[in-house]
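All remarks here apply to the structure that follows.
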Amino acid sequence: MIKYMLIGGYIHKAEDGGKAFCEELIKSIEHRPIKILDCLFARTEDSWPAKLNDDRIFFAKNMLDFQLELASPATFLDQLKNSDVVFFQGGTPHLLMSQLDPNIDWGKELQEKILVGSSGGADTIAKYYAVGKTGNIGQGLGLLPIKFIPHWKSVEYAQEIVIDWEALFEKLQSHKEPLEIVTAGDTEFVVFEK
């Protein structure tokens with residue numbers, strides 16, 4: 001079984017600072033320390049050190065006894081095998097997917113793990129996703145047979161542009177085969193176990 005946790009965007013900005021998310025994340029892991037693999041492949045590599053530091057601070061505020069390791073494209077599969085949690089951070093899904101070996105059966109490799117995706121990282125987990133800022137529809141890895149829209153109705157994400165969220169929903173709904181559409185606002189997360 002794999003536990004999937006999809007975040008809409010900025011879980012650290014939740015009213016509780018992300019505490020409920022972290023409680024859900026660790027509740028089924030009995031051993032300590034919890035080993036979290038921080039996968040920043042959806043971002044440019046020059047941004048990885050600062051983001052890793054931000055993530056370390058976030059987890060330290062919300063949980064005890066964890067190890068946070070930066071994922072490396074060269075050793076990702078070995079790192080994954082030694083982790084409890086794999087966290088696909090947000091950014092550009094195509095960047096993330098380009099770093100993952102397409103010949104690996106990711107569903108098999110992730111058995112008994114927790115896979116977290118935030119924004120673009122969650123898009124990668126879904127079969128199809130919609131990008132609010134561009135209106136584009138993309139195809140993820142299909143680890144979950146769903147369609148996903150992150151940053152649902154977010155004002156902060158949209159900044160100076162106007163997004164017709166309902167039209168985006170309808171566009172994704174009519175894209176290819178009918179699948180459940182899951183939305184998550186910036187500070188929301190959804191959980192699936194499969």
Which residues pass the salt bridge (Lys or Arg N to Asp or Glu O under 4.0 Å) test with E170, not counting sequence neighbours?
none

In chain order, what residues pass the side chain to side chain contact (heavy atoms under 4.5 Å, CB included) check against P73, with sequence neighbours excluded?
F41, W48, Q99

Which pairs of donor and acceptor atoms, one on a side chain in residues 83-92, lie under 3.5 Å apart (sequence neighbours left out)?
unit_1 : atom_1 : unit_2 : atom_2 : d
S83    : OG     : Q79    : O      : 2.8
D84    : OD1    : H31    : NE2    : 2.9
D84    : OD2    : H31    : NE2    : 3.0
D84    : OD2    : K35    : N      : 2.8
Q89    : NE2    : D38    : OD1    : 3.1
Q89    : NE2    : D55    : OD2    : 3.0

Who pairs with S72 by side-chain hydrogen bond (donor to acceptor under 3.5 Å, both in side chains), at least two apart in sequence or on another chain?
none

Applying side chain to side chain contact (heavy atoms under 4.5 Å, CB included) to E166 and not counting sequence neighbours gives W152, K153, D164

Hey, any chance I34 and M1 share a hydrophobic cluster, counting ILVMFWY side chains that come within less than 4.5 Å of each other, even indirectly?
no

Around Q111, counting heavy atoms of other residues, nucleotides and ligands shown, do more than 12 lie under 6.0 Å from its CD?
yes

List the steps, then state whether side chain to side chain contact (heavy atoms under 4.5 Å, CB included) holds for I146 with I181.
CA-CA 6 Å; I146 63 167; I181 297 181; over 6 Å; no

Please report the C-alpha distance between V116 and Y4 in whole Å, then the side-chain angles of each, then the deciding distance to 0.1 Å, and finally whether the side chain to side chain contact (heavy atoms under 4.5 Å, CB included) criterion is met.
CA-CA 6 Å; V116 178; Y4 299 91; over 6 Å; no

Would you give the length of the straight line joining atom OG of S118 to atom CE of M5, rounded to the nearest 0.5 angstrom?
11.0 Å

side-chain hydrogen bond (donor to acceptor under 3.5 Å, both in side chains) partners of K3, counting only residues at least two apart
E24

In this structure, CZ of F76 is separated from CD of E109 (nearest 0.5 Å) by 10.0 Å

Applying side-chain hydrogen bond (donor to acceptor under 3.5 Å, both in side chains) to T44 and not counting sequence neighbours gives D46

Could you tell me which residues satisfy side-chain hydrogen bond (donor to acceptor under 3.5 Å, both in side chains) with D105, sequence neighbours excluded, listed by chain and number?
none

Check residues 123-132 and write down every donor-acceptor pair under 3.5 Å in which the side-chain atom is one partner and the other belongs to a residue at least two apart or another chain.
unit_1 : atom_1 : unit_2 : atom_2 : d
T124   : OG1    : G120   : O      : 3.0
K127   : NZ     : E177   : OE2    : 2.6
Y128   : OH     : E177   : OE1    : 3.0

What's the separation between atom CG in L37 and atom CD1 in I114, rounded to the nearest 0.5 Å?
13.0 Å

Hey, is the main chain of L100 close enough, under 3.5 Å, to the side chain of W106 for a donor-acceptor pair?
no

Path from L80 to L52 over hydrophobic side-chain contacts below 4.5 Å:
yes

Is there a path from M97 to L95 through hydrophobic residues (I, L, V, M, F, W, Y) whose side chains come within less than 4.5 Å of each other?
no

Tell me which donor-acceptor pairs under 3.5 Å the side chains of residues 182-194 have, and how far apart each pair is, sequence neighbours excluded?
unit_1 : atom_1 : unit_2 : atom_2 : d
D186   : OD1    : H151   : ND1    : 2.6
D186   : OD2    : S154   : OG     : 2.4
E188   : OE1    : G185   : N      : 2.6

Of the non-hydrogen atoms in L6 and A122, which two are nearest, and what is the gap between them?
CD2-CB, 3.9 Å

To the nearest 0.5 Å, how far apart are CG in L115 and CG in L110?
5.5 Å

Using a 3.5 Å cut-off and no angle test, enumerate the donor-acceptor pairs between side-chain atoms of residues 56-67 and protein atoms at least two apart in sequence or in another chain.
unit_1 : atom_1 : unit_2 : atom_2 : d
R56    : NH2    : L68    : O      : 3.2
N62    : OD1    : K19    : N      : 3.3
N62    : ND2    : G17    : O      : 3.2
N62    : ND2    : F58    : O      : 3.0

Once rounded to the nearest 0.5 Å, what's the spacing between atom OG of S119 and atom CD1 of I7?
10.0 Å

By side chain to side chain contact (heavy atoms under 4.5 Å, CB included) - contacts of K171 (at least two apart):
I137

Supply the atom-to-atom distance L168 CG to Q173 CD, rounded to the nearest 0.5 angstrom.
11.5 Å

